[in-house]
Student: 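Attaching a single structure in structure tokens format; questions to follow.
The analysis underlying the following values was restricted to heavy atoms, covering all of them including side chains, and did not include hydrogens, waters or symmetry mates.
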Amino acid sequence: MKRLAGLAASALFAATTFAQAEVKEITVAYFLEWPLPIERAKVEGTFDKALGVKVNWRSFDTGVAMSAAAASGDVQFLISQGVPPFVTATSAGQDLKAIDISVNYSENDNCVVRKDLEITKDNAATELVGKKVGVPLGTAAHYGFLKQLEHFGLTAAQLQVVDLTPPDAAAAIAQGNIDVFCGWGGSLARAKEYGNVLLTGPEKEAAGIRVFDVISTPGAFAAENPDLVTKFLKVLNDENVAYAADPASFVPVLAKDSGLDEAGTKAQLDGFQFPTIEEKLSDKWLAGGLQAFLKSVADFFVSTGNIPSALDSYDGAVDASYLEAASKL
């Protein structure tokens, strides 16, 4: 099997020069109300200049929708795709590769319970039963919701679960149509106006609930265009370095591009952690930790009935070679 994969890779490599010459434009999937340093390069056209192609940007509500767009060939880079939708897609056989870590966060993805219900972490085990929850299925928010239920000794079958995008769920909790919101970003900030979180970010981490996103791309596209993928990651990580050196200078441009005000943008960014390239290439991330976490999420989703089966290993779903190459540019 490995030999066949190697032969296939060789064949793709032989066609690389021609394939790259044919690429005239690409489309990048991203989230609104999710301010990342990369968006400064988006606004300033840095990607177009560095890659030598036209770069289109298309916003999505969930990582699940991103996977579908990638499968149809509509997008080539998926920015800040949640681990659960990535796991769901790759477990089903979709040709997606995690090539970088986007952002690590625990405060910016959570579940909010309506204030008038007076449900806290101390009584959640009994008071959450029967409540109506709005959560985008198959996403990081869904995974976090299920893991919080496990922490409280509950299962999803004991609640009413409705598949809602974060914006729709935020509107629903504001109108009193759901009892619990689960989501991220600006939608989470709006939901907090009507409710309280059950577990804080540090409390979730203490319970073993990790929340981070990956940068993913169709494997065939990356194999055919290694230089383009490497340059893309170089720009992305250069922006992260620049942000770390002067965060305040990024806020105005990220606020305008993400659709948040500057206060909301800063609040979001304060809850984000952007590992360095060196950290991301370490055992904690792309050198083994990510692969192990993907497997744990997949096995958990199998146990909860959210996916039919998991891969034996997710080593093949991660490719650090492009990030390694970017680190040397």
Student: Report whether V251 and V253 are members of the same hydrophobic cluster (ILVMFWY, side-chain heavy atoms less than 4.5 Å apart, transitive linking).
Tutor: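 Linked, V251 and V253 end up in one cluster.
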Student: Flag yes if F181 and L198 sit in one hydrophobic cluster, no otherwise; membership is Ile, Leu, Val, Met, Phe, Trp, Tyr, and two members link when side-chain heavy atoms are under 4.5 Å apart.
Tutor: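 Different clusters.
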Student: Evaluate the criterion side-chain contact (heavy atoms from CB on, under 4.5 Å) for residue pair T120 and N123; output intermediate values, then yes/no.
Tutor: CA-CA 6 Å; T120 69; N123 63 14; 3.7 Å; yes
Student: Apply ring pair (Phe, Tyr, Trp, His ring centres under 6.0 Å) to Y194 and list each qualifying residue two or more places apart in sequence or on a separate chain.
Tutor: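 For Y194 there are no ring pair (Phe, Tyr, Trp, His ring centres under 6.0 Å) partners, ignoring immediate neighbours.
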Student: Applying ring pair (Phe, Tyr, Trp, His ring centres under 6.0 Å), can you list everything that pairs with F77, at least two apart in sequence or on another chain?
Tutor: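 Checked F77 against ring pair (Phe, Tyr, Trp, His ring centres under 6.0 Å); matches are F221, F232.
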Student: Using only atom types and a distance under 3.5 Å, with no angle test, would you say the side chain of Q291 pairs donor to acceptor with the backbone of G288?
Tutor: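 Here the side-chain-to-backbone pair exists.
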Student: For the residue pair I119 and A124, what are the closest heavy atoms and their distance?
Tutor: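 For I119 and A124, the tightest heavy-atom pair comes out as CG2-CA, 4.0 Å.
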Student: Is there a side-chain contact (heavy atoms from CB on, under 4.5 Å) between T27 and W57? Walk through the geometry before answering.
Tutor: CA-CA 6 Å; T27 299; W57 295 78; over 6 Å; no
Student: Quick one, W184 with N108, criterion side-chain contact (heavy atoms from CB on, under 4.5 Å). Give me CA distance, side-chain angles, the key distance, then yes/no.
Tutor: CA-CA 6 Å; W184 58 80; N108 284 3; 5.7 Å; no
Student: Can a donor-acceptor pair be found, under 3.5 Å and without considering hydrogens, that links the side chain of K97 to the backbone of G316?
Tutor: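 A pair under 3.5 Å: yes.
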Student: With a 4.5 Å cut-off on side-chain heavy atoms, are L269 and P247 touching?
Tutor: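 Contact flag for P247/L269 side chains = no.
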Student: Distance-only, no hydrogens or angles: does the N104 side chain make a donor-acceptor pair with backbone N or O of Q273 under 3.5 Å?
Tutor: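 No; judged by distance alone, with no hydrogens or angles, the pair does not exist.
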Student: Does any non-hydrogen side-chain atom of L146 lie less than 4.5 Å from one of N306?
Tutor: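 Counting from C-beta outward, N306 and L146 do come under 4.5 Å.
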Student: How long is the gap from NZ on K42 to OG on S258, to the nearest 0.5 Å?
Tutor: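 It comes to 9.5 Å.
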Student: For the side chain of D95 and the backbone of P218, is there at least one donor-acceptor N/O pair under 3.5 Å apart?
Tutor: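 No, D95 side chain to P218 backbone: no donor-acceptor pair under 3.5 Å.
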Student: Does any non-hydrogen side-chain atom of T62 lie less than 4.5 Å from one of P85?
Tutor: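 They are not in contact (no side-chain heavy atoms under 4.5 Å apart), so the answer is no.
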Student: Should the heavy atoms of other residues, nucleotides or ligands under 6.0 Å from CD of E118 be counted, would the total exceed 12?
Tutor: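 At most 12 heavy atoms, drawn from other residues, nucleotides or ligands, come within 6.0 Å of this atom.
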Student: Is the shortest distance from a Lys or Arg side-chain nitrogen in D179 or K132 to a carboxylate oxygen in the other one below 4.0 Å?
Tutor: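 Answer for the salt bridge query: no.
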Student: Is the closest side-chain heavy-atom distance between Y30 and L36 below 4.5 Å?
Tutor: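 A side-chain contact is absent here, since even the closest heavy-atom pair is not under 4.5 Å.
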Student: Could you state whether L96 and I215 fall into the same hydrophobic cluster, counting links through intermediate Ile, Leu, Val, Met, Phe, Trp or Tyr residues with side-chain heavy atoms under 4.5 angstrom apart?
Tutor: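 Same cluster: L96 reaches I215 through Ile, Leu, Val, Met, Phe, Trp or Tyr contacts under 4.5 Å.
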Student: Calculate, to the nearest 0.5 Å, the distance between atoms OG1 and CG belonging to T265 and L254 respectively.
Tutor: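 Taking OG1 in T265 and CG in L254, the distance rounds to 7.0 Å.
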Student: Charged N to carboxylate O below 4.0 Å: is that the case for K231 and D227?
Tutor: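 Answer for the salt bridge query: no.
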Student: Closest heavy-atom contact between V235 and A41?
Tutor: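 For V235 and A41, the tightest heavy-atom pair comes out as CG1-CB, 3.8 Å.
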Student: For the pair N237 (side chain) and L233 (backbone), establish whether a donor and an acceptor sit closer than 3.5 Å, ignoring hydrogens and angles.
Tutor: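 Yes, the answer is positive, given that a donor and an acceptor are paired below the 3.5 Å cut-off.
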Student: Mind checking whether V83 and Y143 have side chains closer than 4.5 Å, heavy atoms only?
Tutor: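 With C-beta onward as the side chain, the pair stays apart.
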Student: Mark yes or no for whether N110, through its side chain, and L199, through its backbone, hold a donor-acceptor pair below 3.5 Å.
Tutor: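 Yes, because the side chain of N110 sits within donor-acceptor range (under 3.5 Å) of the backbone of L199.
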Student: Please enumerate all residues that pass ring pair (Phe, Tyr, Trp, His ring centres under 6.0 Å) together with F293, with sequence neighbours excluded.
Tutor: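 F293 satisfies ring pair (Phe, Tyr, Trp, His ring centres under 6.0 Å) with F212 once adjacent residues are dropped.
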Student: At what distance, to the nearest 0.5 angstrom, does CG of L311 lie from CG of L294?
Tutor: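 Here the rounded value is 9.5 Å.
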Student: What do you reckon, is NZ of K266 surrounded by more than 12 foreign heavy atoms closer than 6.0 Å?
Tutor: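 At most 12 heavy atoms, drawn from other residues, nucleotides or ligands, come within 6.0 Å of this atom.
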Student: Got a donor-acceptor contact below 3.5 angstrom from the Q76 side chain to the G73 backbone?
Tutor: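 Side chain of Q76 to backbone of G73: a pair is present.
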Student: Should the heavy atoms of other residues, nucleotides or ligands under 6.0 Å from CG of D246 be counted, would the total exceed 12?
Tutor: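 Buried by this count: over 12 neighbours within 6.0 Å.
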Student: Give a yes or no on whether K115 atom NZ has more than 12 heavy-atom contacts from other residues, nucleotides or ligands under 6.0 Å away.
Tutor: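 Correct, the count exceeds 12.
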Student: Quick one: closest heavy-atom pair of Q94 and A71, and the distance?
Tutor: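 Shortest heavy-atom contact: NE2-N, 3.5 Å.
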Student: Going by atom type alone, with no hydrogens or angles, which donor-acceptor pairs under 3.5 Å involve a side-chain atom of residues 150-161 and a protein atom two or more places apart or on another chain?
Tutor:
residue	atom	partner	partner atom	Å
E150	OE1	K147	NZ	3.0
Q158	OE1	T155	N	2.9
Q160	NE2	G130	O	3.0

Student: For a quick check under 3.5 Å, do S102 and D213 share a side-chain donor-acceptor pair by atom type?
Tutor: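 Their side chains do not contain a donor-acceptor pair, so the 3.5 Å distance test is not met.
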Student: Establish whether L117 and V112 are linked, either directly or via other cluster members, by ILVMFWY side-chain heavy-atom contacts under 4.5 Å.
Tutor: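 Per the 4.5 Å side-chain linkage, L117 and V112 are not co-clustered.
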Student: Is there a path of hydrophobic side-chain contacts, each under 4.5 Å between heavy atoms of I/L/V/M/F/W/Y residues, joining V43 to F31?
Tutor: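 Same cluster.
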Student: Flag the pair I38 / V28 as yes when at least one side-chain heavy-atom distance between them is below 4.5 Å, and no otherwise.
Tutor: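 Not touching, per the 4.5 Å side-chain cut-off.
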Student: Using the ring pair (Phe, Tyr, Trp, His ring centres under 6.0 Å) criterion, which residues pair with Y314? Sequence neighbours excluded.
Tutor: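 None.
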Student: Please examine the side chains of L188 and D109, heavy atoms only from C-beta on, and report whether any two atoms are closer than 4.5 Å.
Tutor: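 Result no, sub-4.5 Å side-chain heavy-atom pair not found.
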Student: Enumerate the residue pairs fulfilling ring-ring contact (aromatic ring centres under 6.0 Å, His included) with a member in residues 98-132, sequence neighbours excluded, ordered by first and then second residue.
Tutor: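 Output for this query lists W34-Y105.
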Student: Could you walk me through whether Q148 and K204 pass the side-chain contact (heavy atoms from CB on, under 4.5 Å) check?
Tutor: CA-CA 8 Å; Q148 287 196 50; K204 289 194 299 176; 3.7 Å; yes
Student: Side chains of K131 and V113: closer than 4.5 Å at any heavy-atom pair?
Tutor: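 Contact flag for K131/V113 side chains = no.
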Student: Has E205 got a side-chain atom pairing as donor or acceptor with S106's backbone, closer than 3.5 angstrom?
Tutor: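 Answer holds: no.
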Student: Distance check, rounded to the nearest 0.5 Å: K192 atom NZ versus S187 atom OG?
Tutor: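 Answer rounded to 0.5 Å: 12.0 Å.
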